[in-house]
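Here the structure comes first, spelled out in structure tokens, and everything after it is commentary.
Bear in mind the structure is a predicted one, so any value in this text is a computation, not a measurement. First the proteins, then the strands, lettered A, B, ... as listed; each starts at 1. As a basis for the values below, the full set of heavy atoms in this structure was taken, side chains included, without hydrogen atoms, waters or symmetry mates.
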There are 2 protein chains.
Amino acid sequence: MAKDVARPSTEVVGQEASATQKAYLALRRMIVVGELQPGEKLKIDRLRSELNTGASPIREALSLLTSDLLVERLDQRGFRAAPTSHENFVEILTLRCELEEMALRQSILNADEAWEDALVLAHHKMAREGRDDPEQFEERHKTFHMALLSNCASPILMKFCSQLYDLNIRYRYLAGNALNYQQRDVSTEHAAILEAAVDRNADLAAERLLSHYHQTGAFLNGLFTMKDPEG
Amino acid sequence: MAKDVARPSTEVVGQEASATQKAYLALRRMIVVGELQPGEKLKIDRLRSELNTGASPIREALSLLTSDLLVERLDQRGFRAAPTSHENFVEILTLRCELEEMALRQSILNADEAWEDALVLAHHKMAREGRDDPEQFEERHKTFHMALLSNCASPILMKFCSQLYDLNIRYRYLAGNALNYQQRDVSTEHAAILEAAVDRNADLAAERLLSHYHQTGAFLNGLFTMKDPEG
DNA sequence: GTCTTGGGTAATATCGATTTTTCGGGCAAT
DNA sequence: ATTGCCCGAAAAATCGATATTACCCAAGAC
């Protein structure tokens, strides 16, 4: 599924994924990391030449990103990167907490060995391979958090959580990137969440997960309001 | 100015909608009411001639419907209407209850006169104009339910609820259409929900809303398992 | 008789070009 | 001097066509 992450390079290998898929992944990455800034007009022609592809794949990729709330469609006037705002940030954080708590509790309720194993594995990979490459860490980090929820037996809820995760990560990049984020001792928090989850203690796991998000949220919130571009 | 974002929706269909917009609305309706059956292959050419438009608008509309979970994209084999299943139905019902309760409580917490007025109006329109035209009733019914949630100050949550609403309505059409549904005395239930909402009694309103959904759900569930097409 | 292989058919993904719409500057009228 | 209108340029939406890909059926081999 997430085997070959699209690189920003101009290299085009047409045999693996469809042009639309490649454009989708590339554009999503560019928006999430801030290469395409909030509110920026997304001109088809420019993106077309930048990604070395046709107009149709770009259009289709932008349509798909619309549903991820990363791109907005202006009727008859093309597309633009979704704008950001303080309210939007708070909304995402709040929703994320509520939906993930729901999913986590359900996951733990359905707990079985396979899930437990996958969880431990995801945590291990994040802790180990993440030290060197920050980009790898981001990937593993999302995998770990999704693994926590993956046993909730609700694909739709998972989709919502995944979307909100990406939206949130975008704010993290925008606030100033993941460097200062990693200064906080998130490893300890992750380990604590994992522990509670494998112990099948739903209350404790939920409490720790929410605390994790609230701390990250408060941290970013501070940065955001400090350099609020809206005034 | 910066607010006129045109996302395809059930709302106002401008006289000069784009071909994509028209195709999106038409296809969505066809899937929701079952003209296009679950799992059915959606051939571009056929739809193109059926809707009198080009291939590009169809493709783009199908892409948008993918994010509404009404259409699935098969890797390089085109599109098909999302399949249905008992699990999927239960999942939608469960999620809907949880998210709508969340939104309703927040809505009531933020209650003000404007919201109250809009709510009463929506209920009145549903009760009055809905008697004659079943299709009108569906429209008003959704408007009323969304009005209940609309004050939650969370556009994303609203979007989720709206999506789940459409997915649920699809099952209602598939189970055999809205006729037998209206036999139950839903008017009374709606009135009761409205009453609790305008009284700003969150607990009571939530209880009544969920009861409303659970009854409808159980009703459809019975029909569904009885004539389960999957066997 | 069943499995494999090869060709034919149909549908999709993509591209290039055309048409329609929008945006911005400049000119005229008040 | 300001406001409203018009025209040129640019961008987006759509259309028609092509090449690639997957699917299906038949023929031959084991």
Distance in angstrom units between B:Arg46 CZ and C:dT12 C1', rounded = 16 Å
May I have the distance from A:Leu74 (atom CG) to D:dA13 (atom P), rounded to whole angstrom?
-> 10 Å
Under a 4.5 Å cut-off applied to non-hydrogen side-chain atoms, are A:Tyr24 and A:Asp68 in contact?
-> yes
B:Glu101 and B:Leu209, any side-chain heavy atoms less than 4.5 Å apart | no
How long is the line joining CZ of A:Phe79 and C1' of D:dA12, in whole Å?
-> 9 Å
State which residue, out of A:Lys41, A:Arg77, A:Arg80, fulfils the salt bridge (Lys or Arg N to Asp or Glu O under 4.0 Å) condition with A:Glu72.
-> A:Arg80
5'-most by nearest nucleotide on DNA chain C - B:Ile44 or B:Ser56 | B:Ile44
Under-4.0 Å side-chain N/O to phosphate OP1/OP2 contact, B:Thr20 with D:dA13 = no
Hey, can you tell me if A:His123 and A:His190 have their rings parallel, tilted or perpendicular (30° and 60° cut-offs)?
-> perpendicular
Roughly, in whole Å, what's the span from CD in A:Gln76 to C1' in C:dT20?
-> 9 Å
Salt bridge or not for A:Arg46 and A:Glu40, using N-O below 4.0 Å?
-> yes
Distance check: side-chain N/O of B:Lys41 vs OP1/OP2 of C:dA10, anything under 4.0 Å?
-> no
Rounded off to whole Å, could you give me the CG-to-P distance for the B:Asp45 and D:dT18 pair?
-> 15 Å
N/O contacts under 3.5 Å, protein versus nucleotides 7-10 of chain D?
none

Within the structure, does a side-chain N or O atom of B:Thr53 lie under 4.0 Å from either OP1 or OP2 of D:dC15?
-> yes
Under a 4.0 Å N-O cut-off, is there an ion pair linking A:Arg29 with A:Glu135?
-> no
Determine the interplanar angle of the B:His145 and B:His141 rings, folded into 0 to 90°, and report it as parallel if under 30°, tilted if 30 to 60°, perpendicular if over 60°.
-> perpendicular
To the nearest angstrom, how far is B:Arg59 atom CZ from C:dT14 atom C1'?
-> 9 Å
Round to the nearest Å and state the distance from A:Arg48 atom CZ to C:dT14 atom C1'.
-> 12 Å
B:Arg77 CZ to D:dC24 P: how many Å, rounded?
-> 9 Å
